[in-house]
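To start, the structure under review is shown below, and the notes come after it.
Quick note: numbers below take in every heavy atom, side chains included, and nothing from hydrogens, waters or symmetry partners. Count residues from 1 along the sequence. Keep in mind it's a predicted model, so treat the numbers as computed, not measured.
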Amino acid sequence: MSLLRCWPVLLLLAPPALAASGDEGGSPFSPGAPPETLRERGLVATGLKAVYPREAACPEISSPFGSETRYDGSRRPFQAYGGLHSGMDISCPEEGAPLLVIADGTLVHKVAGGRMVGNRVVFRHRPEDTGHPVWLYSAYQHLADMPELEIGAKVTAGQPIGACGRTGTVGGHYGAQGYAHLHLTVYLGPTAEYSTTGRSAIPVGGRFIDPLAIYFGKALDSDAVLAFPEAERIVVLPYRGPDGAPVPAGTRLVWPFACPARRDGPP
């Protein structure tokens with residue numbers, strides 16, 4: 001059964017947020033968790049496909065959720081998340097481009113995580129912030145600088161919350177230049193309760209989801225998404241236009257980058 005069907009009742013009983021420190025190494029969300037555990041928690045390619053607006057130039061996904069390859073086609077190491085991508089990557093249109101929070105929410109975690117993580121911030125989004133009947137957590141990695149926002153700060157959809165960067169990517173596979181991009185991870189949780197680790201804020205009883213699923217509007221849970229025929233797994237992206245207005249009007253969710261008007265008009 002889809003989590004979207006069985007969790008609304010739980011939401012009514014949601015306790016206040018709980019921030020407890022812990023060791024991510026023992027978490028089912030840890031990069032070193034067994035592949036079967038990661039699969040049970042929703043880490044699987046969903047086949048969702050983004051439809052980008054014709055009239056605006058939205059930065060596009062360079063490596064989707066659940067992918068076995070990076071933006072350059074190289075294989076991901078099996079030692080991290082069983083070789084699968086735990087979020088989605090979007091290359092910076094230019095280093096320093098502003099990143100936008102995807103929905104109203106609250107900053108619950110920030111960390112300078114070193115290699116593979118870089119500057120990372122996590123926001124928690126209530127059901128009334130997104131229109132989804134679960135709590136969502138959005139984690140932004142590789143920011144150029146740590147945002148000045150304090151833990152507990154309230155943010156609104158489309159608000160700039162940092163600059164796209166390459167922290168945590170310099171050296172190793174990406175070499176001395178690193179790779180300037182946003183790695184966006186989204187988790188869902190049945191209640192407001194979460195725990196903090198050195199690297200992140202994790203919803204208690206939560207799951208990985210494809211970040212595109214928040215815009216899909218039909219299902220969030222990976223298995224529920226996979227139940228749709230491939231031809232129906234299409235996602236039309238909402239975004240902030242060049243004037244800052246949401247498209248479509250009234251959307252609670254936006255793409256994590258602003259989308260300027262195409263200079264040459266729709267393709």
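Here the rule is side chain to side chain donor-acceptor pair (under 3.5 Å) with Ser63, and of Glu68, Arg76, His183 only Arg76 fits it. Each of Thr46, Leu220, Leu43 was compared with Ile209 under the side chain to side chain contact (heavy atoms under 4.5 Å, CB included) criterion, and only Leu220 meets it.
Side-chain contact between Pro246 and Pro238 is absent, with no heavy atoms from C-beta onward closer than 4.5 Å. Side-chain contact between Tyr239 and Pro53: present, with at least one pair of heavy atoms (C-beta onward) separated by less than 4.5 Å. Using a 4.5 Å cut-off on side-chain heavy atoms (C-beta onward), Leu84 and Val44 make no contact. With a 4.5 Å cut-off on side-chain heavy atoms, Cys164 and Leu143 do not count as touching. When side chains are defined from C-beta on, Val186 does not count as touching Tyr137, because their heavy atoms never get closer than 4.5 Å. Within the 4.5 Å cutoff, the side chain of Arg39 has heavy atoms near those of the Asp223 side chain. Here the side chains of Tyr215 and Leu48 are not in contact, with every heavy-atom distance at 4.5 Å or above.
At least one donor-acceptor pair closer than 3.5 Å links the side chain of Lys110 to the backbone N or O of Pro147. A donor-acceptor contact shorter than 3.5 Å links the side chain of Thr167 to the backbone of Asn119. Judged by distance alone, the side chain of Ser222 and the main-chain N or O of Gly42 form a donor-acceptor pair under 3.5 Å. Between the side chain of His109 and the backbone N or O of Thr196 there is no donor-acceptor pair closer than 3.5 Å. Tyr71 contributes no side-chain N or O that, together with a main-chain N or O of Ile90, makes up a donor-acceptor pair within less than 3.5 Å. Using modelled atom types, no side-chain atom of Thr251 and backbone atom of Pro248 make a donor-acceptor pair closer than 3.5 Å. Of the possible polar contacts, one joining the Thr169 side chain to the Tyr179 backbone as a donor-acceptor pair under 3.5 Å is found.
Taking each heavy atom of Val101 and Thr156 in turn, the nearest pair found is CG1-O, 2.8 Å. Shown here for Gly189 and Pro203, the closest heavy-atom pair between the two residues is CA-CB, 3.8 Å. Contact between Leu38 and Gly82 at its shortest, heavy atoms only, is CD1-N, 4.0 Å. Shown here for Leu226 and Arg233, the closest heavy-atom pair between the two residues is CD2-NH1, 3.7 Å. Taking each heavy atom of Ala153 and Leu149 in turn, the nearest pair found is CB-CD2, 4.0 Å. Taking all atoms of both residues into account, the shortest heavy-atom contact from Arg240 to Gly158 is NE-CA, 3.7 Å.
With sequence neighbours left out, the side chain to side chain donor-acceptor pair (under 3.5 Å) criterion links Arg126 to Glu128, Asp129. Residues satisfying the ring pair (Phe, Tyr, Trp, His ring centres under 6.0 Å) criterion with Tyr140, sequence neighbours excluded, are Phe123.
Separation of atoms CZ (Arg252) and NE2 (His132) is listed at 9.5 Å; rounding is to 0.5 Å. Interatomic distance, OH of Tyr174 versus CZ of Arg70, reported as 5.0 Å (0.5 Å rounding). Interatomic distance, Arg124 CZ to Leu107 CG, rounded to the nearest 0.5 Å: 11.0 Å. Note that CD of Gln141 is 5.0 Å distant from OG1 of Thr185, once rounded to the nearest 0.5 Å.
Cluster annotation: Tyr187 is connected to Val122 through the hydrophobic network of ILVMFWY side chains, with a link wherever side-chain heavy atoms come within less than 4.5 Å. Ile61 and Leu182 fall within a single hydrophobic cluster, where Ile, Leu, Val, Met, Phe, Trp and Tyr are joined by side-chain heavy atoms under 4.5 Å apart, directly or via other members. The hydrophobic clustering, which links ILVMFWY residues whose side-chain heavy atoms are closer than 4.5 Å, places Ile102 and Val121 together.
Ring-plane geometry between Trp255 and Tyr52 is classed as perpendicular, the angle between the planes exceeding 60 degrees on a 0 to 90 degree scale with a lower cut at 30. Classified by interplanar angle (parallel below 30°, tilted 30° to 60°, perpendicular above 60°), the ring pair His142/His181 is tilted.
Counting non-hydrogen atoms of other residues, nucleotides and ligands closer than 6.0 Å to CD of Glu150 gives a total of 12 or fewer. Other residues, nucleotides and ligands contribute only 12 or fewer heavy atoms inside 6.0 Å of the CD atom of Glu148.
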